[in-house]
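Below you'll find the structure, written out as structure tokens, and then a few comments.
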2 protein chains.
Amino acid sequence: MNEHKSEWMQTLRENGYRLTDAREAVVEVVAGSDRVLKPFEVFEIARVNYSKLGLVSVYRTLEKLEELGMIQRVHQPEGCQAFVATKEGHHHLLLCRVCGRYEYFEGENLELFFQEIGVEKQYQIEEHWMQVFGVCSRCQAEANT
Amino acid sequence: MNEHKSEWMQTLRENGYRLTDAREAVVEVVAGSDRVLKPFEVFEIARVNYSKLGLVSVYRTLEKLEELGMIQRVHQPEGCQAFVATKEGHHHLLLCRVCGRYEYFEGENLELFFQEIGVEKQYQIEEHWMQVFGVCSRCQAEANT
DNA sequence: TTCAATGCAAATATTTTGCAATTCG
DNA sequence: CGAATTGCAAAATATTTGCATTGAA
């Protein structure tokens with residue numbers, strides 16, 4: 001998972017941001033997670049390794065990571081303040097309602113479909129969000145225990 | 001648009017809720033709107049006709065309308081605390097980024113597609129969200145003025 | 001050495017809760 | 001009448017901002 005970490009730190013530097021301990025701590029947690037994380041969760045986890053970390057720096061770092069397209073916001077029934085690492089290209093999210101684990105999937109002709117909707121409804125389409133919720137295999141297995 | 005109003009009031013009554021002036025004011029605004037509305041916007045608009053209305057009653061009424069499936073929450077880049085009237089069956093939302101106007105569209109084989117994703121990824125699919133953003137024809141026209 | 005970045009505390013913004021007064025049925 | 005609902009004020013949450021201090025380059 002953490003192939004992302006050095007890459008993200010690199011990108012931050014390239015965009016004129018300094019590489020601080022606080023940023024590294026946040027990047028490490030988010031880049032290395034296979035689950036959706038809320039700012040406060042990132043704070044709690046990152047703080048284990050870097051106790052000086054402040055919650056505000058978590059918010060500020062997440063903001064930059066989102067701005068640079070490394071992470072994206074996830075919308076869930078329980079709230080919309082969680083993030084996941086972005087994947088190259090345009091992909092869609094599949095989320096486990098129980099544990100928050102996530103995966104990406106591709107929607108072949110969806111782009112075309114949305115363009116057609118735009119023509120039909122006379123909207124100039126700009127973007128689309130798609131998320132699918134369910135229970136991942138591990139959580140299904142656990143439920144049967 | 002306000003074919004909904006009496007229908008919603010009816011449904012509230014059928015579910016054991018009382019028909020109060022506060023509820024009527026909120027229902028009238030949300031049922032009659034062709035745009036996405038935030039709780040505070042509902043409050044401001046509804047208050048014009050019913051000045052005694054409190055913001056808390058708006059929240060509480062919206063909660064009930066959502067619970068009974070008459071309205072649904074909309075997720076947007078700027079926030080996720082807006083609501084629209086629900087449409088029968090499962091439809092997807094097309095939203096104008098500029099004015100907040102909304103329309104529904106149908107996704108023919110999408111259900112099947114999501115089931116397939118579930119099999120492939122071994123997820124037990126429960127629900128999906130899809131929203132498309134763009135600029136509606138009226139706002140496009142205005143931009144050229 | 002310089003200025004971006006930090007962490008704290010305080011300020012905002014949003015939503016929820018407690019409660020006495022009101023009102024629907 | 002009695003219970004559900006209201007609106008206010010206060011509390012709880014979540015996020016942002018101001019600012020003196022720290023630290024990366």
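Below, all heavy atoms of this structure are taken into account, side chains as well, without hydrogens, waters or symmetry copies. Chain identifiers are assigned alphabetically (A, B, ...) following the order of the sequence lines, protein sequences preceding nucleic acid strands; residue numbering begins at 1 within each chain.
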Verdict with supporting geometry, Leu110(A) and His92(A), side-chain contact (heavy atoms from CB on, under 4.5 Å)
CA-CA 10 Å; Leu110(A) 285 172; His92(A) 306 289; 4.0 Å; yes
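Residue Tyr59(B) places its side chain closer to dT14(C) than to any other of dT6(D), dT14(C), dA14(D). With dA5(C), dA14(D), dG7(D) as the choices, the nucleotide that has an atom nearest any side-chain atom of Arg23(A) turns out to be dA5(C). The side chain of Tyr17(A) lies closest to dA5(C) when the candidates are dA5(C), dT6(D), dA9(D). The side chain of Ala22(B) lies closest to dG7(D) when the candidates are dA5(C), dG23(D), dG7(D). The side chain of Arg18(B) lies closest to dA4(D), out of dG7(C), dA4(D), dA5(C).
A straight line from CG of Leu55(A) to P of dT17(D) spans 14 Å, rounded to a whole angstrom. Nucleotide dT16(D) holds its C1' atom 18 Å from the CD atom of Glu78(B), rounded to whole Å. Nucleotide dT16(D) holds its C1' atom 9 Å from the CD atom of Glu63(A), rounded to whole Å. Residue Leu53(B) contributes atom CG, which lies 15 Å from atom C1' of dT23(C) at whole-angstrom precision.
An OP1 or OP2 oxygen of dA14(D) is reached within less than 4.0 angstrom by no side-chain nitrogen or oxygen of Gln81(A). For the pair Lys52(A) and dG23(D), the criterion of a side-chain N or O lying under 4.0 Å from OP1 or OP2 is met. A sub-4.0 Å separation between OP1 or OP2 of dC24(C) and a side-chain N or O of Thr20(B) is absent.
Across all their heavy atoms, Gln140(B) and Tyr123(A) have their closest contact at NE2-C, 3.7 Å.
Ion pair Lys5(B)/Glu24(B) flagged as a salt bridge, since at least one NZ, NE, NH1 or NH2 atom sits closer than 4.0 Å to an Asp/Glu carboxylate oxygen.
Counted by atom type alone, Gln131(A) and Trp129(A) present zero donor-acceptor pairs between their side chains at under 3.5 Å.
Judged by distance alone, with hydrogens and angles left aside, Arg60(B) brings a side-chain donor or acceptor within reach of the base of dG7(D), the pair sitting under 3.5 Å.
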